[in-house]
Amino acid sequence: MFDWDSIRTETIRLLQDLIRINTTNPPGNEIQIALYIQEFLQREGIGCTIHEAAPGRANLVARLPGIGNGKPLIVLSHLDVVPANSGQWRFDPFEGAVAEDYLWGRGALDMKGMLAMELMALVLLKRSGMMPPREIMLVAVADEEAGGNLGMGWLIEQDIPGLKEAEYVINEGGFGGIREGIPLFSCQCGEKGVLWVKLTVPGTPGHASMPARDNAIIKMVQIIQRIMRLKRPMILCETSRAYLKELAYLKGLNLESQIALDYSLQLFATRHLKDERSIQAMLYHTISPTILQAGLKANVLPEACELTLDCRLLPGETPGHFLAEIQKSVNDSAVQYEILQAADPTESSSDTQLFKTMGRILQQEVPQAVLVPFLSPIATDSRFFRYRSITAYGLMPVIISEAELQRLHGIDERLSLPNLERGTRIMYEILRQLE
Ligand SMILES: [Zn+2]
């Protein structure tokens, strides 16, 4: 029905244009790219609105009506990118160079590449003249890379028709990779919660030649040891259980019918996946000391010692409860606690029509493909929807290696042209087929 050769060329040009509009955050200044997208969609007869959270911080919403009564499907993306130091890059990060079958530039993976797929999929649906089974909303927001307060966090509080009534969201957060020789697509179904907390231990300042008993540095070292001894057993949530089950199956271990399934999965994770940090992070509450500060001069006793912890929490836990656990293990009334950031974990069930549809379409487009739920230690804009009980999945429909993933937020970020083309087709099929 479509001439995919010309669509390929069109999509490449679109992504080049999106990359060339510099939306480095800070300052973001997403209004330029939003206006570009608005014009692009209007040319195709698709209406859209722009909502500024602050001058220049633009969020865009486009809608394509559907025939059924189903609640809207949202395809989500963010317009901003992280900074890039062009001196270190092979091609200018904002030139959108095409070379060696790749499109190079800041945002190619995170996430203007997926934005281009979403835009093209929407436009193709419109051109086909076919009304999709349910309403599609394309939402492209500002400020994701700085926490989303002027982006999705702000937009969801506004009175945007359809936004809060949506049933499903497709966003960034997961990718396809090759695992045991099989194309495994990790669909981000949940995100760990966050607790950043600063602990302060007081000490008595004085001449260091005459030590006091309450040296703040010594006390803090003991506190760190107590915190790191906090019992944190392996915990399986719905998402990580499904992920481990699939991985065990791919490795030839069929644990499906076993009694004590969780125990078998835990054993499997301990034996076979010990060194895979991203998988281990799905199974434990984590605590990482990240900043330690004390003292001003070699011969002066410190008046305080400060420690910052970055804790990531599995579904079922809350920042408040976890902090109480830390306080219990520290067991020292002189210690002060300051919460720097706190967010609850989120999880969407994978037992949905959208998950099944995505899995089926991936299999059609990529032989042997498997779609598997995945829990991410890092937050995306999906949390704003999951807090409202809207199912949100993170999946960029591309197959990339670990090495390519390192370029995301790094140097020489790029997306292969076959991935761009296939990803556009997969996205189009999802929008067309989801009942
Ligand atoms: Zn991103």
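What you see is a predicted model, and the numbers here were worked out from it, not measured in a lab. Both counts, for ligands and for their atoms, begin at 1 and track the order of listing. All residue numbers refer to positions in the sequence shown, counting from 1.
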(Q) Looking only at the side chains, is there a donor atom on one of Y36 and D17 sitting less than 3.5 Å from an acceptor on the other? (A) yes

(Q) Looking only at the side chains, is there a donor atom on one of N22 and T24 sitting less than 3.5 Å from an acceptor on the other? (A) yes

(Q) At less than 2.8 Å, how many protein N/O/S atoms surround the Zn ion (ligand 1)? Leave waters out. (A) 4

Q: Give every residue pair that meets the ring pair (Phe, Tyr, Trp, His ring centres under 6.0 Å) criterion with at least one member in residues 46-75, sequence neighbours excluded.
A: none

Q) Any idea how F268 and H272 line up, ring-wise: parallel (<30°), tilted (30 to 60°), or perpendicular (>60°)? A) tilted

Q | Quiz item: cation-pi between R232 and Y284, 6.0 Å / 45° | A | no

Q | Qualifying residue, where the test is side-chain hydrogen bond (donor to acceptor under 3.5 Å, both in side chains) with E413 and the options are R106, K112, Q406, R407 | A | R106

